[in-house]
**Q** 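Here it is: the structure, laid out below.
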Amino acid sequence: MMSADIPPKDRPEWIEMARGQHPMKKYVLQLQIDRISKKMEANEMTIEEGVDYLYEYFSKYPKGFRSDLEEVFKSW
């Protein structure tokens, strides 16, 4: 499911986010990203799974996380 509220899943920033390369302003978001990046480092999750998880998470709350998304993606 593609949503215009959030950037397309094929943008490289999703992978960078999943790897924890973009600090998030919202604490709850940072916790999710920390969890995903740790799982990926431990080979408990693939990059694709990490991106899928983040994408689904953002899809549920696009308005609440818009400022963080704009910080990372600038525009889409």
Side-chain angles (χ1 to χ4, degrees):
M1 173 189 86
M2 293 298 278
S3 167
D5 288 329
I6 63 173
K9 201 193 275 189
D10 58 6
R11 291 271 300 260
E13 292 94 330
W14 285 111
I15 293 173
E16 295 166 5
M17 275 171 61
R19 287 185 171 142
Q21 294 169 355
H22 295 281
M24 297 288 124
K25 291 192 179 104
K26 293 209 169 50
Y27 183 67
V28 62
L29 207 47
Q30 190 60 53
L31 287 178
Q32 291 289 338
I33 287 178
D34 288 347
R35 227 186 62 194
I36 291 166
S37 60
K38 282 187 178 71
K39 281 188 170 190
M40 285 169 34
E41 282 168 30
N43 292 319
E44 292 169 16
M45 193 180 246
T46 66
I47 288 173
E48 289 77 18
E49 288 169 337
V51 168
D52 284 347
Y53 180 90
L54 270 188
Y55 189 85
E56 293 304 317
Y57 189 74
F58 274 96
S59 296
K60 287 180 194 154
Y61 314 103
K63 303 285 185 283
F65 297 143
R66 187 154 188 104
S67 59
D68 279 298
L69 283 175
E70 284 174 352
E71 185 92 3
V72 174
F73 291 89
K74 309 300 182 235
S75 64
W76 61 90

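In what follows, residues are counted from 1 in the order of the sequence shown.
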**Q** Kindly give the heavy-atom pair with the smallest separation between Gly50 and Ala18, and that separation in Å.
**A**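 Scanning both residues, the minimum pair turns out to be C-CB, 4.3 Å.
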**Q** Hey, could you give me the CG/OG distance between Leu54 and Ser59, rounded to the nearest 0.5 Å?
**A**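 One gets 10.0 Å once the value is rounded to the nearest 0.5 Å.
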**Q** Any chance you could lay out the side chain to side chain contact (heavy atoms under 4.5 Å, CB included) test for Phe58 and Arg66, step after step, and finish with the verdict?
**A** CA-CA 9 Å; Phe58 274 96; Arg66 187 154 188 104; over 6 Å; no
**Q** With a 4.0 Å cut-off on N to O distance, would you call Asp52 and Lys9 a salt bridge?
**A**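 A salt bridge is present here (some side-chain N lies under 4.0 Å from a carboxylate O).
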**Q** Does some side-chain heavy atom of Ile47 sit less than 4.5 Å from a side-chain heavy atom of Arg19?
**A**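 The answer is yes; the side chains approach within 4.5 Å.
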**Q** Taking all heavy atoms of Trp14 and all of Pro7, pick out the closest pair and write down the distance.
**A**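 Taking every non-hydrogen atom into account, NE1-O, 3.4 Å.
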**Q** In Å and rounded to the nearest 0.5 Å, what is the CZ to CZ distance from Arg11 to Phe73?
**A**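 Reported to 0.5 Å precision, the distance equals 6.0 Å.
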**Q** Name all residues meeting the side-chain contact (heavy atoms from CB on, under 4.5 Å) criterion together with Tyr61; count only those two or more places apart in sequence or in a different chain, and write none if there are none.
**A**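 Scan of Tyr61 (side-chain contact (heavy atoms from CB on, under 4.5 Å), adjacent residues dropped) gives Tyr57, Phe65.
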**Q** Just verifying a value: how many Å separate Lys38 NZ and Met45 CE, rounded to the nearest 0.5 Å?
**A**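 One finds 13.5 Å between NZ of Lys38 and CE of Met45.
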**Q** Nearest heavy-atom pair of Gly20 and Ser37: which atoms, and what distance?
**A**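 What the structure gives for the nearest pair is N-CB, 4.1 Å.
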**Q** Pairs of donor and acceptor atoms involving the side chains of residues 27-36, under 3.5 Å and at least two apart or interchain, shall be tabulated with distances.
**A**
unit_1	atom_1	unit_2	atom_2	d
Gln30	OE1	Met24	N	2.7
Gln30	NE2	Asp34	OD1	2.9
Gln32	OE1	Tyr53	OH	2.8
Arg35	NH2	Tyr53	OH	3.4

**Q** What pairs with Lys25 under side-chain contact (heavy atoms from CB on, under 4.5 Å), at least two apart in sequence or on another chain?
**A**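 Only Asp68, Glu71 meet the side-chain contact (heavy atoms from CB on, under 4.5 Å) criterion with Lys25.
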